[in-house]
Amino acid sequence: MRRALWAAALLGVGAPAAAGQTSTFTPEGASCEEVGLIAGTAGVRNAADAIQRQANTYSASAFAARHLDRERVGAEDGLLVVMDLNTTYNATRMPVFHRDAVDDGMSEVGDCVAKNRVAMRGLDMQAGNFGLTYNKGPVGLIFATSLTAGFPAYGDQFTRVNMNSFVAPAYVVGIAATAPLLDLLIPGDLDLGAIKLDYLLGARVDAKLVQASAAWLGSKGGYAQLSEPTFGGYAFVAKSIGEAAVWQAGVDRLDPGGLGAADLGEALGLTSLAYQQLPYSLAAPGGAALPVIGRLRVTGAQQQNIARVADLAVRYRIEPEASLSELAMGLHTPGYHKPRVRDDDEDDVPVGLLARGGFVSTPAVWSQGLAAARLPSGRVELNGEADDFLVRLAFLYNDPEQLQLYPFARGALSYQLTLRGDL
């Protein structure tokens, strides 16, 4: 009961404001306040899958491996603080029942008309991460948190964008940052269904030739990471009790220039390779109620800063339904992607811009009548740097990271905001 109250409180943030506004952008049923999900439908099952897979993608452990551990290679003593916010609109659409569309003689005309008693609402999702590392000599501390949430789209489009872009982020990141304290105040499972909260706390060791991290997960599990600075090799694994392991291994931004081949590095840029494995819920055979937990296995390669201004990305899905799942090319301002080990003489470019486009392929989702498809994909990023601070804002359409996890999110628009300070 206590967890349900927390979930209701978090999902209800901003509801009064949303209910009080309408506009010409109002989509079907959006003026209705009381939203009830219609259980047993494909849309609700997809929403549950999307929330779980989002929690795997933007987990505290994945965030730590992506933004904290690998960015500490060659770093001096001090504190690194990173915040990440990810918002996705219309990850899927689900049928809902609007209770206030029932004519009880009390509702005002136009608030929620009878034709919208049953309607389709989009699922909007947010993920917030906060983390830091502190290095002192060969040892250090690592701390990372995550909060992921999914909820039916708010009222009219103006209110929806306002809430997701300007109001909710402060709550998402703020609550994520206090995850250990909430775990002490509300002992028990941090999985609240539509809201999933997690954190990790551990230690790092830098032995020059190799770096290692180990941490405790608030979801009752562990995280371990191993990397080396010469070629950028790394591997990390995260495992919670009762859940399949999430792990990834690869090479991060191999820089020929850092190996003494400056001319080759100028021409080829930075090479990244990755193999990723995540739990993945599959459609149950014979229409069974419970899904089968399978594996998502993906390999990928990126060549960044080709001739300092171009990128190439390829991704291949091994399981389920083997297929070339991404092919994209991009252009950006010179030296947009930074090597893992920065040259002290290298000048920071205060503003950078990247534009990338290509296609993604998705497996079939027969529960919604969707065949396998090849879809256009695009990404635009803008970042700014000043001294040891970075701000990056990205807009994504049919993001391959998301579509490989929830292939029904076709046409989804997302944005990401990253703030980083090296103190």
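- For the atom pair Gln304 CD and Lys338 NZ, the distance stands at 12.0 Å (nearest 0.5 Å).
- For residues 125-153, no pair satisfies salt bridge (Lys or Arg N to Asp or Glu O under 4.0 Å), with sequence neighbours left out.
- In this pair, Phe130 and Phe143 present their aromatic rings perpendicular. The plane angle is above 60°, beyond the 30 to 60° band.
- A salt bridge does not link Glu319 with Arg317: every distance from a Lys NZ or Arg NE/NH1/NH2 to an Asp or Glu carboxylate oxygen is 4.0 Å or more.
- Distance alone, capped at 3.5 Å, is enough to place a donor-acceptor pair between the Asn398 side chain and the Pro376 backbone.
- Of the possible donor and acceptor atoms, none in the side chain of Ser272 sits under 3.5 Å from a partner among the backbone N and O of Gln302.
- Taking the six-membered ring for Trp, Trp216 and Tyr223 have ring centres at least 6.0 Å apart.
- Salt bridge annotation for Arg253-Asp255: absent, with no cationic side-chain nitrogen under 4.0 angstrom from a carboxylate oxygen.
- Looking only at atom types and distance, the side chain of Glu381 has a donor-acceptor partner in the side chain of Tyr336 under 3.5 Å away.
- Gln211 is not listed as a side-chain neighbour of Glu228, based on a closest heavy-atom distance of 4.5 Å or more.
- Side-chain N or O atoms of Ser377 include none that pairs as donor or acceptor with a backbone N or O of Asp399 at under 3.5 Å.
- Summarising the geometry of Leu123 relative to Pro152, their closest heavy-atom pair is CD1-N, 4.5 Å, with the distance given to 0.1 Å.
- In this structure, Val351 and Thr333 approach most closely via the heavy-atom pair O-OG1, 4.4 Å.
- In this structure, Leu132 and Leu68 approach most closely via the heavy-atom pair N-CD1, 3.9 Å.
- A donor atom on one side chain and an acceptor atom on the other are not found under 3.5 Å apart for Gln276 and Arg315.
- Distance check, rounded to the nearest 0.5 Å: CD of Gln248 to OH of Tyr234 gives 4.0 Å.
- If you take CG on Asp124 and OG1 on Thr88, they are separated by 8.5 Å, rounding to the nearest 0.5 Å.
- Remark: the Ser323 side chain and the Ser361 side chain contain an N/O donor-acceptor pair separated by less than 3.5 Å.
- A donor-acceptor pair under 3.5 Å is absent between the side-chain atoms of Thr418 and the main chain of Arg392, judged by distance alone.
- Judged purely by atom type and a 3.5 angstrom limit, Asp311 uses its side chain to pair as donor or acceptor with the backbone of Asn305.
- Nearest approach of Ile142 to Ala203, heavy atoms of both residues: CG2-N, 3.9 Å.
- Taking the side chain as every heavy atom from C-beta outward, Tyr134 and Val139 never approach each other to under 4.5 Å.
- When every heavy atom of Ala245 is checked against every heavy atom of Val237, the shortest pair comes out as CB-CG2, 4.2 Å.
- Qualifying side-chain contact (heavy atoms from CB on, under 4.5 Å) partners for Thr148, counting only residues two or more places apart in sequence or in other chains: Gln54, Ala55, Tyr58, Ala127, Lys196.
- For the pair Glu326 and Arg356, the salt-bridge criterion is met [side-chain N within less than 4.0 Å of a carboxylate O].
- A pairwise comparison of heavy atoms in Ser59 and Asn129 identifies O-ND2, 3.8 Å as the closest pair.
- Contact check for Val82 versus Leu80: side-chain heavy atoms found under the 4.5 Å cut-off.
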